[in-house]
Amino acid sequence: MAAEVFLRRLSRWQAEQQRNDIGDVHVMVYRGDVGTEYRDREDFLGRFEQDVRRPDFDMVVAGAARLVGCAYGFHASRTGGWWSGFDGELPPDIEEFTASGRVFVLAELMVLPAFRRQGIATRLRERLLE
């Protein structure tokens, strides 16, 4: 039987306090080439630090005996500056949605491999977007 996984919302301060554990989850979820884990972890933590400081940052974590996943994001700025440099095709009305303040950027959604296929990612996303 799998351990029960609990979700909880973190304040900005709590998210910053959990940064090392969140970095560990990132490495275990994305495991890059051998030898790149440190660089990948530091790059991720740099982005995480910037995201935590964004207005409207919000985060939900999943834990059992330890952190097993997280989801976080923020509202895109109304100026649309967040989209500059985006590599891909944007929906035609994204500028209108962004200007209205209705765009929430799901910046990260991670669940450890051993805890996948249990609905945790869905629960994290739903709780974050509540």
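Only this structure's heavy atoms are used, side chains among them; waters, hydrogens and symmetry mates stay out. Given the structure is predicted, the values throughout are model-derived calculations rather than measurements.
Phe6 and Leu109 sit in two unconnected hydrophobic clusters of ILVMFWY residues. Membership requires side-chain heavy atoms under 4.5 Å apart, directly or through other members.
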Test side-chain contact (heavy atoms from CB on, under 4.5 Å) applied to Phe104 and Asp56, step by step: CA-CA 9 Å; Phe104 185 84; Asp56 298 324; 5.8 Å; no

CA sep, side-chain torsions, deciding dist, call: Leu112, Val25, side-chain contact (heavy atoms from CB on, under 4.5 Å): CA-CA 7 Å; Leu112 292 178; Val25 168; 4.1 Å; yes

Candidate pair Arg116 and Val29, rule side-chain contact (heavy atoms from CB on, under 4.5 Å), full reasoning: CA-CA 10 Å; Arg116 292 184 184 154; Val29 166; 3.5 Å; yes

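Distance CZ/Phe74 to CZ/Arg53: 14.0 Å, rounded to 0.5 Å. Put simply, NE2 on His26 and CD on Glu108 are 5.5 Å apart, with the number rounded to the nearest 0.5 Å. Atom CZ in Arg9 sits 11.5 Å away from atom CD in Gln14 (nearest 0.5 Å). For the atom pair CG (Leu45) and CZ (Arg19), the distance works out to 4.5 Å, reported to the nearest 0.5 Å. Rounded to the nearest 0.5 Å, atoms CG (Asp51) and CZ (Phe44) are 8.5 Å apart. Summarising the geometry, atom CG belonging to Leu10 is positioned 10.5 Å from atom CD belonging to Gln17; distances are rounded to the nearest 0.5 Å.
Annotation: side chain of Val27 is not in contact with side chain of Asp40 (no heavy-atom distance under 4.5 Å). Side-chain contact check for Cys70 versus Met59: some heavy-atom pair is nearer than 4.5 Å. The closest side-chain heavy-atom distance from Val68 to Val5 is below 4.5 Å. Side-chain contact between Leu124 and Met110 is absent, with no heavy-atom pair separated by less than 4.5 Å.
Under a 4.0 Å N-O distance rule, the pair Arg12/Asp58 does not qualify as a salt bridge.
Looking only at distances, no side-chain donor or acceptor of Arg8 sits under 3.5 Å from a matching main-chain atom of Gly63. Formation of a donor-acceptor pair under 3.5 Å by the Arg127 side chain with backbone atoms of Val60 is not found in this model. Counting only distance, with no hydrogens or angles, the side chain of Arg66 and the backbone of Asp21 share no donor-acceptor pair below 3.5 Å.
Ring geometry for Phe48 against Tyr72 counts as perpendicular: the plane angle is over 60°, on a 0 to 90° scale with 30° as the lower cut.
For Ile22 against Ala15, the heavy-atom pair with the smallest separation is CD1-O, 4.0 Å.
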